[in-house]
There are 2 protein chains.
Amino acid sequence: MTSKQEFVEKLRNSSLRPTKQRINICEVLFNRDKTFHFTINDLFNLIKDKTGEKVSLATVYNTVHAFHKKGYLKEIPINSNQTYFDTNVTDHHHFFDVKEEKLIDLKNEDVGPIEIQKSIPGKKIKSVEVLVKLED
Amino acid sequence: MTSKQEFVEKLRNSSLRPTKQRINICEVLFNRDKTFHFTINDLFNLIKDKTGEKVSLATVYNTVHAFHKKGYLKEIPINSNQTYFDTNVTDHHHFFDVKEEKLIDLKNEDVGPIEIQKSIPGKKIKSVEVLVKLED
DNA sequence: TTCCTTGTTTATAATTATTCTAAAGAAGAT
DNA sequence: ATCTTCTTTAGAATAATTATAAACAAGGAA
């Protein structure tokens, strides 16, 4: 359980003003035991449900992008019409259940080391992501 | 160099009628040495350039989806506003140059074996894709 | 051939996710 | 309090994709 005050500090430390909306979004995103996978629309609906307060869709977009930029959220590369985010920003991978459109975390140790043995001149590796698609 | 007749047969074998439009699309997609990464819009523009004939955008969508369904094209999981496809349908991976929005093939042997040591009850693995993002 | 059925193409409209805009409101500093 | 800057918001704009339904073409049968 993270207190509201901690979110206020987190936001201040990131030079993001601690507004009511952002704190509500923090509650929904970060006040959890497990990692959380979501689309903007998921989040938009959850905010109303969990906090009882409505935050405009534009603000949800703004805030998610701000948090992503600050490194508090990770974008998951996946083929979907919607963009998926993850509150687990550590280096890890995903299962994607195609039928249920659901993501499941895959720990690094469940995949083993991945050694990329090719390099592109002038470029460096920013991230390595494994996506394992699941079917029935 | 693949002849037009071969495309006609390929289409017939897939119970797709060999129309002028589909054959043109085949020429652009499959008459190449190297693997080809593209978005629908890339392809739409290339058809005009390479064949001199215009195919409607809707037909490009229809055909790409039909070819994807038949297994002649692979969809690449990536976070982009556009969907990327690949004419290389073998099991392999990708670099994505984030700045230039360009994909580069990564052979399986350049990545090494990936062993997924977690399983989800009732589900089986459909595909394993590695995406390596590149930055300058 | 000619006719018939079914599949295909097409322009255009509809849909959907996301971004933009500009005005009103709130936070923080002085 | 006042001022500046950041934030929120509704709604408009954009862009990719999908749906629609009418015209058209392919393939088969007579």
Side-chain angles (χ1 to χ4, degrees), chain A residues 4-5 7-28 37-48 51-70 72-73 75-85 101, chain B residues 4-5 7-28 37-48 51-70 72-73 75-85 101:
Chain A
K4 186 170 293 193
Q5 193 50 42
F7 292 135
V8 170
E9 280 158 30
K10 184 179 184 161
L11 289 166
R12 282 231 175 77
N13 291 338
S14 320
S15 27
L16 295 172
R17 288 185 183 170
T19 63
K20 185 161 50 75
Q21 291 86 341
R22 282 172 177 164
I23 292 164
N24 281 337
I25 292 174
C26 281
E27 301 271 8
V28 174
H37 302 119
F38 65 95
T39 64
I40 297 283
N41 208 53
D42 292 338
L43 180 55
F44 178 69
N45 291 315
L46 273 175
I47 294 164
K48 258 185 306 203
T51 71
E53 294 175 45
K54 198 214 165 202
V55 173
S56 79
L57 186 58
T59 298
V60 180
Y61 271 98
N62 290 339
T63 304
V64 166
H65 288 151
F67 286 0
H68 179 234
K69 207 169 190 173
K70 295 291 178 184
Y72 302 145
L73 292 173
E75 198 179 339
I76 304 172
I78 207 176
N79 275 123
S80 168
N81 48 338
Q82 288 166 84
T83 305
Y84 280 81
F85 294 90
E101 293 201 312
Chain B
K4 186 170 291 191
Q5 194 48 42
F7 292 135
V8 171
E9 279 158 31
K10 184 179 183 159
L11 288 165
R12 282 231 175 79
N13 291 338
S14 320
S15 29
L16 295 172
R17 289 187 182 167
T19 63
K20 186 162 49 77
Q21 290 86 343
R22 281 173 178 163
I23 292 163
N24 281 337
I25 292 173
C26 281
E27 301 271 8
V28 175
H37 303 120
F38 65 94
T39 65
I40 296 284
N41 208 53
D42 292 338
L43 180 55
F44 178 67
N45 292 316
L46 273 175
I47 294 164
K48 257 185 307 199
T51 71
E53 293 174 46
K54 198 213 166 203
V55 173
S56 79
L57 186 58
T59 298
V60 179
Y61 272 98
N62 289 340
T63 304
V64 166
H65 288 151
F67 286 0
H68 180 233
K69 208 170 190 172
K70 295 291 177 184
Y72 302 144
L73 292 173
E75 199 179 338
I76 303 172
I78 207 175
N79 275 124
S80 168
N81 47 338
Q82 287 167 84
T83 305
Y84 280 80
F85 293 90
E101 293 199 311

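In what follows, chains are A, B, ... by sequence order, proteins preceding strands, each numbered from 1.
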Practice problem: May I ask you to test the Asn45(A)-Phe38(A) pair for a side-chain heavy-atom distance under 4.5 Å? | Solution: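 Not in contact.
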
Quiz item: Does the side chain of Phe67(A) come within less than 4.5 Å of Cys26(A)'s, by heavy atoms?
Solution: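 When only atoms from C-beta onward are counted, Phe67(A) and Cys26(A) do touch, with a gap below 4.5 Å.
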
Please check this pair: side chain of [X] against backbone of [Y], looking for a donor-acceptor N/O pair closer than 3.5 Å.
X        : Y        : answer
Thr51(A) : Glu53(A) : yes
His65(A) : Tyr61(A) : yes
Arg12(A) : Pro18(A) : no

Within this structure, what is the [atom1]-to-[atom2] distance between [X] and [N], rounded to whole angstrom?
X        : N       : atom1 : atom2 : answer
Leu16(B) : dT6(C)  : CG    : P     : 18 Å
Ile23(A) : dC6(D)  : CD1   : C1'   : 15 Å
Asn62(B) : dT20(D) : CG    : P     : 13 Å
Ile25(B) : dT10(C) : CD1   : C1'   : 13 Å
Ile78(B) : dA16(D) : CD1   : P     : 15 Å
His68(B) : dT18(D) : NE2   : P     : 12 Å

Quiz prompt | Proximal nucleotide (of dT9(C), dA10(D), dT7(D)) relative to the Arg22(A) side chain | solution =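 In terms of side-chain proximity for Arg22(A), the closest of dT9(C), dA10(D), dT7(D) is dT7(D).
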
Self-check item: Distance-minimising heavy-atom pair for Phe44(B) and Lys54(B)
Solution: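 Residues Phe44(B) and Lys54(B), closest heavy atoms: CZ-CE, 4.2 Å.
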
Practice problem: Grab the two heavy atoms, one from Gln82(B) and one from Asn41(B), that are nearest each other, plus how far apart they are. | Solution: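 Shortest heavy-atom separation between Gln82(B) and Asn41(B) comes out as OE1-CB, 3.8 Å.
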
Practice problem: Quick one: do Leu57(A) and Ile40(A) satisfy side chain to side chain contact (heavy atoms under 4.5 Å, CB included)? Show the steps, please. | Solution: CA-CA 8 Å; Leu57(A) 186 58; Ile40(A) 297 283; 4.0 Å; yes

Exercise. Starting from the first five and the last five pairs of the helix from dT1(C)-dA30(D) to dT30(C)-dA1(D), work out the angle between the resulting helix axes, to 10 degrees.
Key: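 Rounded to the nearest 10 degrees, the bend comes out at 20°.
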
Quiz item: Does the side chain of Thr39(A) pick up a donor-acceptor pair with the side chain of Asp42(A) at under 3.5 Å?
Solution: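 Checked: Thr39(A)/Asp42(A) side chains pair up, N/O donor to acceptor below 3.5 Å.
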
Quiz item: Quick one: is Gln21(B) getting a side-chain N or O under 4.0 Å of the dA25(D) phosphate, OP1 or OP2?
Solution: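 Negative; the distance criterion is not met.
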
Quiz item: How does each nucleotide of nucleotides 15-30 of chain C score, in 5' to 3' order, for protein heavy atoms under 4.0 Å: base (B), sugar-phosphate only (S), or none (-)?
Solution: --SBB------BBS--

